[in-house]
**Student:** 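Dropping the structure in here first, questions after.
Per chain, numbering begins at 1; letters A, B, ... match sequence-line order. Keep in mind the model is a prediction, meaning the values are calculated, not measured.
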2 protein chains.
Amino acid sequence: MSTPRRRDSARSRELLLAAATELFTERGFDRSTIREIGERAGVDPALIARYFGGKAQLYLATLQVDQLAANPPDLLEPERAKALLDHAAQRGPGPIHRAAVSPHEDPEVQAAAAEQLHRRLVDPLCERFTREGLDRPQLRAELTVAAFIGVSLSRSSGTFQALAQARTEDVVALALELLAPRR
Amino acid sequence: MSTPRRRDSARSRELLLAAATELFTERGFDRSTIREIGERAGVDPALIARYFGGKAQLYLATLQVDQLAANPPDLLEPERAKALLDHAAQRGPGPIHRAAVSPHEDPEVQAAAAEQLHRRLVDPLCERFTREGLDRPQLRAELTVAAFIGVSLSRSSGTFQALAQARTEDVVALALELLAPRR
DNA sequence: GCTTCATGTCATCATCCGAAGACATCATGT
DNA sequence: ACATGATGTCTTCGGATGATGACATGAAGC
């Protein structure tokens with residue numbers, strides 16, 4: 001068995017990354033402090049500067065690891081939509097979702113978030129719409145993703161009671177009924 | 001003609017309120033500072049404390065004045081939806097919209113925002129759905145408003161190019177095509 | 001004119017934050 | 001064992017922010 005080393009930079013790095021993902025997910029970038037991140041990770045926050053360069057770079061790192069990473073989800077597939085909403089409901093909306101509605105101050109950071117958002121959500125939808133021969137596929141895709149993100153974020157915000165309390169299956173069913181293009 | 005008094009608390013109050021509405025709309029509550037508000041209003045920021053009690057209370061005051069105040073908009077009426085999206089595109093999403101996706105830290109403030117959101121957007125839709133005999137009218141209404149807000153906020157964030165650049169009429173038409181309940 | 005209160009200006013405080021660096025401690029190679 | 005670099009801990013700095021109160025100034029009543 002591998003002896004648990006008392007000092008392990010890789011492990012510290014990952015602990016910080018995981019804690020940062022949690023906090024950025026729960027409260028967003030601005031309201032998360034590197035002290036909180038360090039506390040949750042059980043790692044001194046000064047190491048954030050050493051291993052990532054700073055809070056902004058740590059945020060960029062979390063974007064790369066965000067759980068959407070799996071095969072590109074197609075929002076119009078009920079199982080995928082449900083999985084995404086479930087994930088958001090249980091662990092909060094991902095940093096990428098937040099970036100869609102409240103842009104980051106640093107343009108570089110915002111651009112990175114936008115790139116992830118497109119690659120993982122918009123582009124797959126756009127391809128689907130193109131395949132289906134719908135007009136304005138890009139606009140349709142962005143509109144759909146924006147609406148989906150609005151629902152996902154609103155569900156976590158506590159502002160909409162019925163939306164937050166409804167079972168995910170019901171939300172997905174209703175949303176797809178509304179969002180699915182007319183045949 | 002009324003002599004413009006060099007000292008006029010009512011005027012100072014309104015200048016602060018107007019400037020605060022602008023800034024909260026542009027950058028949200030957290031990223032707006034009372035110094036910026038005072039600067040834009042041409043009024044000393046210390047007067048915020050005197051006339052409103054503090055930054056949070058000033059925010060509450062802006063919620064009451066938010067431009068949605070006019071007759072309850074029905075999102076499914078194209079003219080109303082276009083007006084709301086146009087307004088958001090030109091002057092930024094209102095503070096109420098932001099509150100739906102990123103809850104305020106202070107529960108009291110958040111509750112006030114939620115109340116406005118329901119009174120002005122959710123409730124009218126819910127009544128409409130009820131009249132039309134649709135099931136789950138409350139859930140439908142919240143879902144629709146959440147989606148609409150996602151679109152509105154995303155349009156202003158610069159994350160979605162096609163969505164931001166498309167003419168408002170086209171966005172509304174496409175959104176209504178997607179959102180309108182099946183007949 | 002003088003008083004008195006409303007209104008406005010300014011300086012300062014306490015707090016929080018991200019960043020940086022000094023210093024301590026452990027691991028590893030020789 | 002020792003030297004050296006990696007890793008971790010702690011303190012401190014500079015800046016920003018909201019709040020507060022002391023003080024100044026104008027307005028209104030007498």
Side-chain angles (χ1 to χ4, degrees), chain A residues 1-24 26-63 95 102 104-110, chain B residues 1-24 26-62 95 104-110:
Chain A
M1 53 178 293
S2 62
T3 306
R5 285 188 286 178
R6 308 235 315 270
R7 295 201 163 190
D8 188 336
S9 64
R11 174 172 166 78
S12 298
R13 224 190 93 105
E14 295 203 1
L15 286 174
L16 286 172
L17 198 56
T21 301
E22 286 183 21
L23 271 170
F24 290 153
E26 292 174 14
R27 314 186 196 177
F29 180 82
D30 288 333
R31 290 183 182 169
S32 304
T33 71
I34 62 172
R35 295 174 216 266
E36 284 174 315
I37 294 171
E39 189 177 1
R40 183 170 299 202
V43 174
D44 192 288
L47 294 182
I48 291 175
R50 196 194 304 263
Y51 292 135
F52 297 92
K55 188 189 176 189
Q57 287 88 349
L58 172 58
Y59 177 75
L60 285 178
T62 65
L63 287 185
S102 57
H104 197 282
E105 276 181 316
D106 183 339
E108 188 180 349
V109 174
Q110 177 61 17
Chain B
M1 55 181 290
S2 63
T3 307
R5 284 186 287 179
R6 311 235 314 272
R7 296 198 161 191
D8 188 336
S9 65
R11 175 171 166 78
S12 297
R13 225 190 93 106
E14 293 202 2
L15 286 173
L16 286 173
L17 198 57
T21 299
E22 286 183 22
L23 271 170
F24 290 153
E26 291 173 14
R27 314 185 195 177
F29 180 82
D30 289 333
R31 289 182 183 171
S32 304
T33 72
I34 62 172
R35 294 174 216 267
E36 284 174 314
I37 294 170
E39 189 178 2
R40 183 170 300 202
V43 174
D44 192 287
L47 294 181
I48 291 175
R50 194 194 304 263
Y51 293 136
F52 297 93
K55 188 188 176 189
Q57 287 87 351
L58 173 57
Y59 177 75
L60 284 179
T62 65
H104 197 280
E105 274 181 316
D106 184 337
E108 189 180 349
V109 175
Q110 176 61 17

**Student:** What is the separation between atom OH on B/Tyr59 and atom C1' on D/dG18, rounded to the nearest whole Å?
**Tutor:**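 Taking atom C1' of D/dG18 as the reference, OH of B/Tyr59 is at 17 Å.
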**Student:** So, taking the atom named CG in A/Leu17 and the one named OH in A/Tyr51, what distance separates them when rounded to the nearest 0.5 Å?
**Tutor:**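 Taking CG in A/Leu17 and OH in A/Tyr51, the distance rounds to 13.5 Å.
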**Student:** A/Asp8 CG to C/dT28 P: how many Å, rounded?
**Tutor:**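 Whole-Å distance recorded here is 10 Å.
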**Student:** In whole Å, I'd like the distance from the CD atom of B/Glu14 to the P atom of C/dT7.
**Tutor:**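 That distance rounds to 14 Å.
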**Student:** Without decimals, in angstroms, what is the distance between B/Leu16 CG and C/dT7 P?
**Tutor:**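 Between P of C/dT7 and CG of B/Leu16: 13 Å.
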**Student:** Around atom CD of A/Glu39, are there more than 12 heavy atoms from other residues, nucleotides or ligands closer than 6.0 Å?
**Tutor:**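 No, the 6.0 Å shell around CD holds no more than 12 heavy atoms from other groups.
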**Student:** Should we count CD of A/Glu14 as having more than 12 external heavy atoms under 6.0 Å?
**Tutor:**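 Atom CD in A/Glu14 is not packed in, count stays at 12 or less.
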**Student:** Summarise how protein sits on nucleotides 16-23 of chain C as a single string, 5' to 3': B when a protein heavy atom is under 4.0 Å from the base, S for sugar-phosphate-only contact, - for no contact.
**Tutor:** -BBS-B--
**Student:** Using whole Å, report how far CZ of A/Arg7 lies from C1' of C/dC26.
**Tutor:**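 Computing the A/Arg7:CZ to C/dC26:C1' distance gives 4 Å.
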**Student:** Which residue, A/Thr62, A/Ile37, A/Thr33, forms the side-chain contact (heavy atoms from CB on, under 4.5 Å) with A/Leu23?
**Tutor:**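 Answer after filtering A/Thr62, A/Ile37, A/Thr33: A/Ile37.
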**Student:** If the cut-off is 4.0 Å, is A/Ser9 near the phosphate of D/dT7, judged by side-chain N/O to OP1 or OP2?
**Tutor:**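 Result: yes.
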**Student:** How many whole angstroms separate atom CG of B/Leu47 from atom P of D/dG18?
**Tutor:**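 Value for this atom pair: 15 Å.
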**Student:** For a quick test of reading the model, state the closest non-hydrogen atom pair linking B/Lys55 to B/Asp30 and the distance between them.
**Tutor:**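 In this case the closest contact between B/Lys55 and B/Asp30 is NZ-O, 3.9 Å.
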**Student:** Parallel, tilted or perpendicular: which fits the ring planes of A/Tyr59 and A/Phe29, with parallel below 30° and perpendicular above 60°?
**Tutor:**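 Ring orientation of A/Tyr59 relative to A/Phe29: perpendicular.
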**Student:** How close or far is atom P of C/dT7 from atom CZ of B/Arg13, stated in whole angstroms?
**Tutor:**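 My rounded result for the distance is 12 Å.
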**Student:** Nearest whole angstrom, please: distance from the P of D/dA16 to the CZ of B/Arg27.
**Tutor:**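 For the pair B/Arg27 CZ and D/dA16 P, the rounded distance is 14 Å.
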**Student:** Hey, is the side chain of A/Ser12 poking within less than 4.0 Å of OP1 or OP2 on D/dT7, counting only N and O atoms?
**Tutor:**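 No.
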